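A short worksheet on the structure shown next.
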Amino acid sequence: MDPNWLRFHPNPSKPAFRPPAGAVDAHCHVFGPQAQFPFAPERKYTPCDASREQLFALRDFLGLERNVIVQATCHGDDNRALVDALRHSGGRARGVATVRRRVTDRELEVLHAAGVRGVRFNFVRRLVDFTPQDELMEIAARVAGLGWHVVIYFEAVDLPELWNFFTALPTTVVVDHMGRPDVTQPVDGPQFELFVRLLREHPNIWSKVSCPERLSVSGPPALDGERNAYRDVVPFARRIVETFPDRVLWGTDWPHPNLKHHMPDDGLLVDFIPHIAPTAALRQKLLADNPRRLYWPEEVR
Ligand code: 0GY
């Protein structure tokens with residue numbers, strides 16, 4: 001593990017908010033264990049080990065029922081740790097993989113059988129080397145044929161440049177962390193308006209309203225015991241949840257890679273939910289109905 005980076009919270013608090021039945025943590029990771037599943041040589045950071053057992057224990061502790069495990073860049077396109085976690089989840093986890101052009105149809109079938117339902121394209125410059133857009137478009141076309149979607153991760157300042165590529169993707173698209181807005185700018189300012197326009201004009205594009213701890217400037221509560229964390233992110237996430245209630249997902253981002261200054265208490269992240277989804281109907285969609293439709297469509301009649 002990189003020495004100046006933080007490990008995940010060792011004993012998160014019990015959330016006051018109780019998620020509805022069927023609630024899904026739709027953005028989380030497994031890392032290693034490195035001895036069994038080595039990290040990728042081209043990685044930009046080395047996280048701590050974060051096992052499937054620890055992830056599933058956190059799921060239960062927080063009152064959640066299912067996970068969507070997302071391949072992080074530190075494992076490159078070696079999806080073995082992800083597949084191992086999915087196979088040991090008892091059907092309670094689905095996955096988002098990373099693949100390159102070289103992936104074979106047979107390998108895609110194996111990923112599908114394990115529970116993978118999407119691929120992730122990462123455009124955050126500190127995390128990945130550049131991949132040509134024609135390669136990504138070719139992958140998107142192949143996985144669209146399997147009924148998979150594409151998860152995209154980018155910074156808000158890069159949206160104008162990436163707009164044409166994103167809007168040409170031939171399948172459902174899910175944006176990580178609301179496209180990482182600068183929350184010191186107004187929620188109705190030009191930067192976030194562009195993101196809202198992306199979803200308004202493109203009904204195939206969804207958003208995760210995740211990672212307040214990465215986006216926040218105000219940060220966690222000042223006092224121990226207070227549960228009002230990351231309040232400056234609330235207007236942004238709430239606007240997306242209320243405007244696009246059928247196209248939003250929520251996740252913890254456990255074990256929170258790449259955080260150097262502040263590690264969130266996962267219980268506080270769960271208690272953030274009622275602030276961004278203020279009615280039971282919105283929470284039902286955000287936490288249960290939407291992820292089920294995308295990741296367990298066979299259960300939806
Ligand atoms: C996240 C956020 C980050 C890392 C990755 O794949 C990754 O390495 O996504 C980040 O550093 O912002 O969603 O896990």
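Being a predicted model, the structure only gives us computed values, none of them experimental. Note that ligands are numbered from 1 as they come in the structure, with each ligand's atoms numbered from 1 the same way.
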Salt bridge check, Arg94 against Glu298: does any charged N sit closer than 4.0 Å to a carboxylate O? yes

Using a 4.0 Å heavy-atom cut-off, which part of Leu127 comes near ligand 1: side chain, backbone, both, or neither? side chain

Show me which atoms of ligand 1 lie under 4.0 Å from any heavy atom of His177. 1 (C), 13 (O)

Are any of the side-chain nitrogens in Arg66 or Glu299 under 4.0 Å away from the carboxylate oxygens of its partner? yes

I'd like to know if Arg102 and Glu135 make a salt bridge, using a cut-off of under 4.0 Å between side-chain N and carboxylate O. no

Taking ring-ring contact (aromatic ring centres under 6.0 Å, His included) as the test, write out the residues that go with His75, two or more places apart. Phe39

Using a strict cut-off of 4.0 Å, indicate which atoms of ligand 1 neighbour a heavy atom of Asn258. 10 (C), 11 (O)

Pro257 heavy atoms within 4.0 Å reach ligand 1 at atoms 4 (C), 14 (O)

Subset of ligand 1 atoms that lie under 4.0 Å from at least one heavy atom of Arg180: 12 (O)

Within the 4.0 Å heavy-atom shell around Ala72, which atoms of ligand 1 are there? 6 (O), 7 (C), 8 (O)

Which atoms of ligand 1 are found less than 4.0 Å from any heavy atom of Tyr45? 7 (C), 8 (O)

A student checking ligand 1 against His29 at a 4.0 Å heavy-atom cut-off should list atoms 1 (C), 13 (O), 14 (O)

Judging by distance only, is a nitrogen or oxygen of Arg120 under 3.5 angstrom from one on ligand 1? yes

So that I can tick it off, tell me whether Asp25 and Arg59 are bridged by a salt bridge, with the cut-off set at under 4.0 angstrom between side-chain N and carboxylate O. no

Strictly under 4.0 Å, does any heavy atom of His27 approach an atom of ligand 1? yes

For atom 1 (C) of ligand 1, what is the nearest protein heavy atom, given as residue, atom name and distance? Asp253 OD1, 3.2 Å

Stepwise, does the side chain to side chain contact (heavy atoms under 4.5 Å, CB included) test hold for Val241 with Arg283? CA-CA 9 Å; Val241 170; Arg283 295 192 285 269; over 6 Å; no

To check your reading of the model: name the closest protein heavy atom to atom 12 (O) of ligand 1, its residue, and the distance in Å. Tyr153 OH, 2.6 Å

Would you tell me whether Asp49 and Gln34 have side-chain atoms, one donor and one acceptor, within less than 3.5 Å of each other? no

Can Asp60 and Arg92 be counted as an ion pair, charged N to O under 4.0 angstrom? yes

